Protein chains: 2
Amino acid sequence: MTPARRPARIGFLLTQLGSLAAESFAARARELGITPPEAGAMRILGRGADMNQRELAEKLGVAQSRVVALVDSLEAAGLITRERSTTDRRNFVLHVTDPGRELLARLRSAAEAQEEELTEGLSADDRDRLYELLLRLGDARGLDRDVHPDYRGGSAHTDR
Amino acid sequence: MTPARRPARIGFLLTQLGSLAAESFAARARELGITPPEAGAMRILGRGADMNQRELAEKLGVAQSRVVALVDSLEAAGLITRERSTTDRRNFVLHVTDPGRELLARLRSAAEAQEEELTEGLSADDRDRLYELLLRLGDARGLDRDVHPDYRGGSAHTDR
DNA sequence: TATTGTTATACTCTATAACTATA
DNA sequence: TATAGTTATAGAGTATAACAATA
């Protein structure tokens with residue numbers, strides 16, 4: 001005899017809360033003048049290793065052609081530089097500028113503010129517990145990509 | 001003096017895991033021949049209260065014009081009927097058919113299979129704890145919509 | 001006039017494939 | 001020939017606004 005069961009809703013809640021989290025982050029990024037995909041590109045470039053556009057495309061998990069527009073606007077905003085490699089003139093070397101580093105710092109602050117807002121109702125212990133559980137879920141999925149892909153989870157679930 | 005702090009990553013993890021959950025649900029729904037938005041519409045209609053397209057649009061949080069195509073394909077698939085109201089001939093009354101109910105049952109099974117897969121690495125107690133924490137997060141956000149909206153969380157975060 | 005549903009149109013995001021320039 | 005980057009094109013998904021039928 002099976003015990004009374006909790007409804008299968010973790011997937012649903014993750015989808016819903018993930019949507020909210022992504023939206024709220026997008027709103028904060030917008031205030032800083034950039035889009036979420038641009039923020040993702042900045043963080044990868046901000047790690048320090050200069051890279052070309054093909055490598056960036058690979059890390060972001062998007063098409064190379066997509067990176068062109070992304071890099072165009074980051075360069076126009078003065079957040080990165082794009083210089084021809086001296087050793088292989090087919091490559092552009094992407095490099096974060098000082099204003100770019102300032103933006104990255106503001107993005108980190110935005111993430112902290114979001115975290116605070118998101119977990120407002122939870123105690124410090126609850127937050128730690130939640131963090132740990134989510135981390136285990138992520139690890140089990142091998143979720144270690146630099147930037148998660150877009151998704152179109154849409155009206156996947158209902159009921160509540 | 002502030003204690004060593006956990007990185008602000010709950011928002012990031014929710015975004016990433018939410019994306020995975022939405023994707024895996026979409027894949028399962030696809031096997032059943034429907035899209036996530038269609039599944040959302042079916043669940044709302046499946047609650048039993050017959051409604052018209054405007055009401056469905058409101059519950060789904062999408063434009064009325066969007067519902068036209070949605071309802072077109074659900075009707076073509078034989079999952080719902082669409083009959084003119086006898087009292088106000090401007091309205092269509094949407095109603096789930098028997099095959100539609102069968103599909104809903106399969107969707108529920110799919111959600112359970114997904115839940116099992118998603119929480120594979122967690123003990124039953126951990127799953128209950130996670131469920132409870134996510135529920136509190138959702139309640140605090142007033143997240144009680146029938147179907148969550150699409151989102152474009154994109155490359156919002158990176159680092160891990 | 002107001003409302004339900006429909007169609008026409010446009011916009012956003014992104015990928016695929018053809019193209020240019022270097023190697 | 002092969003590769004980095006670019007451009008042209010197309011497709012998905014959705015909203016806004018104009019429109020038709022009914023109230």
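Chain identifiers are assigned alphabetically (A, B, ...) following the order of the sequence lines, protein sequences preceding nucleic acid strands; residue numbering begins at 1 within each chain. These numbers come from a predicted model, not from an experiment.
Distance from the side chain of B/Arg54 is smallest to C/dG5 among D/dA4, D/dT14, C/dG5.
Judged by distance alone, the side chains of A/Gln16 and B/Arg141 never bring a donor and an acceptor atom under 3.5 Å apart. If you check the side chains of A/Glu38 and A/Ser73, you find a donor sitting under 3.5 Å from an acceptor.
Judged by atom type and distance alone, B/Ser65 reaches the base of D/dT16 through a side-chain donor-acceptor pair under 3.5 Å. Looking at A/Arg66, its side chain has no donor and acceptor atom pair within 3.5 Å of the base of C/dT14. Between the side chain of B/Arg90 and the base of C/dT3, a donor-acceptor pair under 3.5 Å is found.
Residue A/Phe92 contributes atom CZ, which lies 10 Å from atom P of C/dT22 at whole-angstrom precision. Between the CZ atom of A/Arg84 and the P atom of C/dT22 there is a distance of 7 Å, rounded to whole Å. One atom, CG of B/Leu56, and another, P of C/dT6, lie 12 Å apart when rounded to the nearest Å. When rounded to the nearest whole Å, the span between CE of A/Met51 and P of D/dA4 equals 14 Å. A/Glu55 has its CD atom 14 Å from the P atom of D/dT3, to the nearest Å. In this entry the distance linking CG of B/Leu94 with P of C/dT6 reads 9 Å, nearest Å. One interatomic measurement links the two molecules: CG of B/Asn91 to P of D/dT22, which rounds to 13 Å at whole-angstrom precision. Atom CG of A/Leu70 is separated from atom P of C/dT14 by 9 Å (rounded to the nearest Å).
The shortest side-chain heavy-atom distance between B/Leu130 and A/Leu134 falls under the 4.5 Å cut-off.
Proximity of B/Gln53 to the phosphate of C/dT6: a side-chain N or O atom is located under 4.0 Å from OP1 or OP2. For the OP1/OP2 pair of C/dT4 and a distance below 4.0 Å, the side-chain nitrogens and oxygens of B/Arg82 include no atom meeting the criterion.
Annotation: B/Glu58, atom CD; neighbour count of heavy atoms from other residues, nucleotides and ligands within 6.0 Å does not exceed 12.
Toward the 5' end of DNA chain C, the nearer of the two residues A/Thr87 and B/Gln64, judged by each one's closest nucleotide, is B/Gln64. Along DNA chain C, the nucleotide nearest to A/Ala63 and the one nearest to B/Asp72 differ in position, and the one closer to the 5' end is contacted by B/Asp72.
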Derivation of the side chain to side chain contact (heavy atoms under 4.5 Å, CB included) call for A/Val93 and A/Thr81
CA-CA 8 Å; A/Val93 179; A/Thr81 57; over 6 Å; no
